[in-house]
**Student:** 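Take this structure first; my questions come after.
The sequence lines fix the lettering, A, B, ..., with proteins before strands; numbering per chain opens at 1.
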2 protein chains.
Amino acid sequence: MGGSHPAPPMGGTIVPRTEKGGIPMTQVLVVEDEAQLARALVINLKARVYEVDAAPDGATALRMAAAAPPDAVLLDLGLPDMDGIDVIKGLRGWTRVPILVVSARSTSDQKVAALDAGADDFVTKPFSMDELLARLRAAVRRHDTADAATDDVAIVTAGDVTIDLHAKKVRRGGHDVRLTPTEWHLLEVLIRNQDRLTTQKQLLQEVWGPSYGTQTHYLRVYVAQLRRKLESDPSHPRHLITVPGMGYRFEK
Amino acid sequence: MGGSHPAPPMGGTIVPRTEKGGIPMTQVLVVEDEAQLARALVINLKARVYEVDAAPDGATALRMAAAAPPDAVLLDLGLPDMDGIDVIKGLRGWTRVPILVVSARSTSDQKVAALDAGADDFVTKPFSMDELLARLRAAVRRHDTADAATDDVAIVTAGDVTIDLHAKKVRRGGHDVRLTPTEWHLLEVLIRNQDRLTTQKQLLQEVWGPSYGTQTHYLRVYVAQLRRKLESDPSHPRHLITVPGMGYRFEK
DNA sequence: AGCGGCCATAAGGACGTCGTCAAGACCGAT
DNA sequence: ATCGGTCTTGACGACGTCCTTATGGCCGCT
């Protein structure tokens with residue numbers, strides 16, 4: 001089975017998508033205005049197997065989370081621009097990503113408020129880095145084994161094809177269809193945006209990494225493979241539609 | 001390992017859960033040997049909308065949990081009969097019920113060990129009752145909204161194999177099959193996520209620990225061993241399915 | 001008609017991954 | 001110290017996957 005390693009395409013320096021042994025790393029968003037602590041957290045997390053983004057305030061955090069959904073959020077309550085509780089509520093409006101609150105002032109009331117607003121855990125400064133990391137691991141582990149159950153619609157039916165996103169299983173006419181990791185990734189992005197246009201750039205950046213925005217022939221090759229596996233008449237696709245010059249669209 | 005304060009279901013019919021307005025109440029199992037604190041917890045929880053059982057030691061706790069699976073467990077680590085960590089592991093062998101650890105001695109190491117063993121949260125004595133209740137609410141809320149599907153399945157039948165997660169026993173074609181501890185752990189995780197993909201990373205971190213996230217070699221070796229013991233045709237597995245590049249899936 | 005974009009499809013080589021076997025390290029029990 | 005079982009580690013073949021290149025079709029523009 002295949003080299004899922006990002007090989008540098010054609011010419012030029014291109015930053016590969018962060019992975020380790022083909023396994024995608026856990027993405028953590030650190031929301032902390034105090035630069036020193038933020039840096040300490042980032043360094044410690046990166047030293048582990050995490051990939052880290054940092055946001056200095058609530059508005060930035062919400063924007064970054066929406067743009068590139070993380071696998072966990074470390075949130076300081078004492079932010080300059082908005083109340084930490086509102087950041088929690090803002091995130092909880094659309095995602096159940098694990099939120100660990102880190103805070104200095106820690107009255108019991110505050111903890112209760114944060115937890116009831118939807119936070120997963122609450123750590124008081126000063127804290128042991130080991131403990132924080134263990135709590136983070138616990139939260140991510142829980143989420144990994146749980147989110148599959150309910151996050152969104154698990155099973156998509158399109159014509160004679162059924163796609164089970166959680167089992168990572170595709171059936172077509174009573175037979176199982178095998179998809180490679182890259183094919184899955186591509187299909188997932190398309191399904192997330194079903195009935196809407198998904199830009200070439202969007203697809204390339206999501207599946208191959210931020211610096212592959214122009215390698216459009218990857219798309220052609222892989223979309224063709226998907227069509228061959230999913231469409232009954234691959235040369236006249238009914239579900240994986242080409243939008244010339246722009247991208248692709250998945251329709252049921 | 002004797003009885004407990006509120007009568008556990010002995011020999012006879014299991015009493016239907018108390019309800020309030022048709023809505024089943026949340027069942028909490030308190031595991032605490034110190035009678036005074038146990039009573040305080042029980043009283044406080046009952047004053048809220050919880051229904052409470054109590055166990056004075058680990059063995060009783062495991063037995064009660066098996067007989068009547070609770071919706072949450074409050075666990076003291078300092079038990080008279082066994083290590084609290086082993087209670088966590090015992091529960092995690094077959095259920096993902098939220099476990100909140102309550103402990104007096106709370107070195108950082110202990111917290112890390114408990115969380116990595118599968119605990120959901122760790123509260124240090126002395127604690128604020130409000131905070132404990134908030135953490136309990138958070139854990140239960142997560143659990144409720146997360147998995148409705150696959151939990152608390154004690155006995156699984158897959159083809160000619162039956163797996164009893166409580167008794168830690170596997171029978172196949174009328175004969176007992178011996179599994180090593182590691183094989184068990186791996187199988188447990190796969191069964192808890194049955195019919196869904198279980199990521200390589202997930203399996204490695206759960207079975208071998210947080211730092212083994214990329215040693216995919218272990219998986220190949222142990223999955224092969226499991227197949228040899230469980231599958232009738234190990235080279236064409238029907239239950240332990242490989243999802244190339246991503247992980248494995250257990251199917252009945 | 002000819003040309004240049006853009007897209008679809010096929011094929012092949014480099015390299016990963018999976019399954020398997022087996023030897024060595026480790027560990028608790030005798 | 002020895003032994004049996006278990007875990008870890010290494011090596012290898014078979015095969016799959018990814019990337020790349022080549023070829024041809026379709027369409028609008030000049």
**Student:** May I have the distance from Y218(A) (atom OH) to dA8(C) (atom P), rounded to whole angstrom?
**Tutor:**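 Whole-Å distance recorded here is 18 Å.
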**Student:** Of the options T162(A), D160(A), D176(A), which is the one that meets R171(A) in a side chain to side chain donor-acceptor pair (under 3.5 Å)?
**Tutor:**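 Only match with R171(A) under side chain to side chain donor-acceptor pair (under 3.5 Å): D176(A).
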**Student:** Decide side-chain hydrogen bond (donor to acceptor under 3.5 Å, both in side chains) for T242(B) and R227(B); before the verdict, give the C-alpha distance in whole Å, the side-chain angles of both, and the deciding distance to 0.1 Å.
**Tutor:** CA-CA 11 Å; T242(B) 302; R227(B) 289 209 255 245; 3.2 Å; yes
**Student:** Side chain of W208(A), heavy atoms from C-beta onward: which of dT20(C), dC19(D), dT8(D) has the nearest atom to it?
**Tutor:**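 Of the candidates, dC19(D) comes closest.
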**Student:** Between S235(A) and D233(A), do the side chains contain an N or O donor and an N or O acceptor separated by less than 3.5 Å?
**Tutor:**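 There is such a pair (donor and acceptor under 3.5 Å, judged by atom type) between the side chains of S235(A) and D233(A).
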**Student:** Which residue lies toward the 5' end of DNA chain C, Q225(A) or M246(A), if each is placed at its nearest nucleotide?
**Tutor:**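 Result: M246(A).
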**Student:** So, OP1 or OP2 of dC18(C): does either fall under 4.0 Å of a side-chain N or O from Q200(B)?
**Tutor:**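 Indeed, a polar side-chain atom of Q200(B) lies that close.
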**Student:** Any base atoms under 4.0 Å from Y248(B), or only sugar-phosphate, or nothing? Heavy atoms, all strands.
**Tutor:**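 Y248(B): backbone/sugar contact only, no base atoms under 4.0 Å.
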**Student:** Do the ring planes of Y218(B) and W208(B) sit parallel (below 30°), tilted (30 to 60°) or perpendicular (above 60°)?
**Tutor:**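 Rings of Y218(B) and W208(B): perpendicular, as their planes differ by over 60°.
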**Student:** Rounded to whole Å, how long is the line connecting atom CZ of R220(A) with atom P of dA22(D)?
**Tutor:**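 So the CZ-P distance, R220(A) to dA22(D), works out to 15 Å.
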**Student:** Select base, sugar-phosphate, or nothing to describe what T216(A) touches, counting heavy atoms under 4.0 Å on all strands.
**Tutor:**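 Nothing, no nucleic acid heavy atom in range.
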**Student:** P181(A) has a side chain; which of dA8(C), dG19(C), dC18(D) sits nearest to it?
**Tutor:**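 My answer, after comparing the listed nucleotides, is dC18(D).
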**Student:** With a 4.0 Å cut-off on heavy atoms, is V221(B) in touch with a base, just the backbone sugar-phosphate, or nothing at all?
**Tutor:**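 The answer is base, as V221(B) lies within the cut-off (heavy atoms under 4.0 Å) of a base atom.
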**Student:** Without decimals, in angstroms, what is the distance between H185(A) NE2 and dT17(D) C1'?
**Tutor:**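 The answer, rounded to whole Å, is 16 Å.
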**Student:** Regarding R135(A) and E131(A), does a basic nitrogen lie under 4.0 Å from an acidic carboxylate oxygen?
**Tutor:**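 Yes, charged N to carboxylate O under 4.0 Å.
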**Student:** From the list dC7(D), dA8(C), dT9(D), which nucleotide is the closest neighbour of the side chain of T182(B)?
**Tutor:**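 From the listed options, dC7(D) comes nearest.
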**Student:** Measure the distance from NE2 on H217(B) to P on dC12(D) and round it to the nearest whole Å.
**Tutor:**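 Checked: the NE2 to P distance equals 13 Å.
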**Student:** Checking D120(A) side chain against L100(A) main chain: does a donor-acceptor pair fall under 3.5 Å?
**Tutor:**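 No; judged by distance alone, with no hydrogens or angles, the pair does not exist.
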**Student:** Rounding to a whole Å, what distance do you find between R249(A):CZ and dC7(C):P?
**Tutor:**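 Rounding to the nearest Å, CZ of R249(A) and P of dC7(C) are 14 Å apart.
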**Student:** At a heavy-atom distance below 4.0 Å, what parts of residues 167-180 of chain B sit against DNA chain C?
**Tutor:**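 Under 4.0 Å from DNA chain C: no residue of residues 167-180 of chain B.
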**Student:** Rounded to whole angstrom units, what separation is found between the NE2 atom of H236(B) and the P atom of dG19(C)?
**Tutor:**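 Distance, rounded to whole Å: 12 Å.
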**Student:** Between dT9(D), dC21(C), dA10(C), spot the one nearest the side chain of R228(B), thanks.
**Tutor:**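 Shortest atom-to-atom distance from the side chain points to dC21(C).
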**Student:** To the nearest Å, how far apart are L219(A) CG and dC18(D) P?
**Tutor:**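 L219(A) atom CG is separated from dC18(D) atom P by 14 Å.
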**Student:** Counting side-chain heavy atoms from C-beta on, which of dT17(D), dT20(C), dT9(C) comes nearest to P244(B)?
**Tutor:**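 Of the candidates, dT17(D) comes closest.
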**Student:** Between the side chains of K111(B) and S128(A), does any donor sit under 3.5 Å from an acceptor?
**Tutor:**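 No.
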**Student:** Considering heavy-atom distances to DNA chain D, does Q215(B) or E183(A) have its closest nucleotide positioned more toward the 5' end?
**Tutor:**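 Closer to the 5' end of DNA chain D: Q215(B).
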**Student:** Of the nucleotides dA8(C), dT6(D), dT9(C), which one has an atom closest to the side chain of T242(A)?
**Tutor:**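 Closest nucleotide to the T242(A) side chain: dA8(C).
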**Student:** Can you tell me how far C1' of dG19(C) sits from CD1 of I241(B), to the nearest Å?
**Tutor:**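 Value for this atom pair: 15 Å.
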**Student:** Would you mind telling me which of dT17(D), dG19(C), dT20(D) lies closest to the side-chain atoms of R227(B)?
**Tutor:**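 Minimum distance to the R227(B) side chain belongs to dG19(C).
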**Student:** If you only use heavy atoms from C-beta on, which nucleotide in dA8(C), dT9(D), dC19(D) is closest to the side chain of Y222(A)?
**Tutor:**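 The answer is dC19(D), which lies nearest to the side chain.
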**Student:** Please check if the number of heavy atoms outside K89(B) that lie under 6.0 Å from its NZ is greater than 12.
**Tutor:**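 For K89(B), atom NZ is not crowded (no more than 12 foreign heavy atoms under 6.0 Å).
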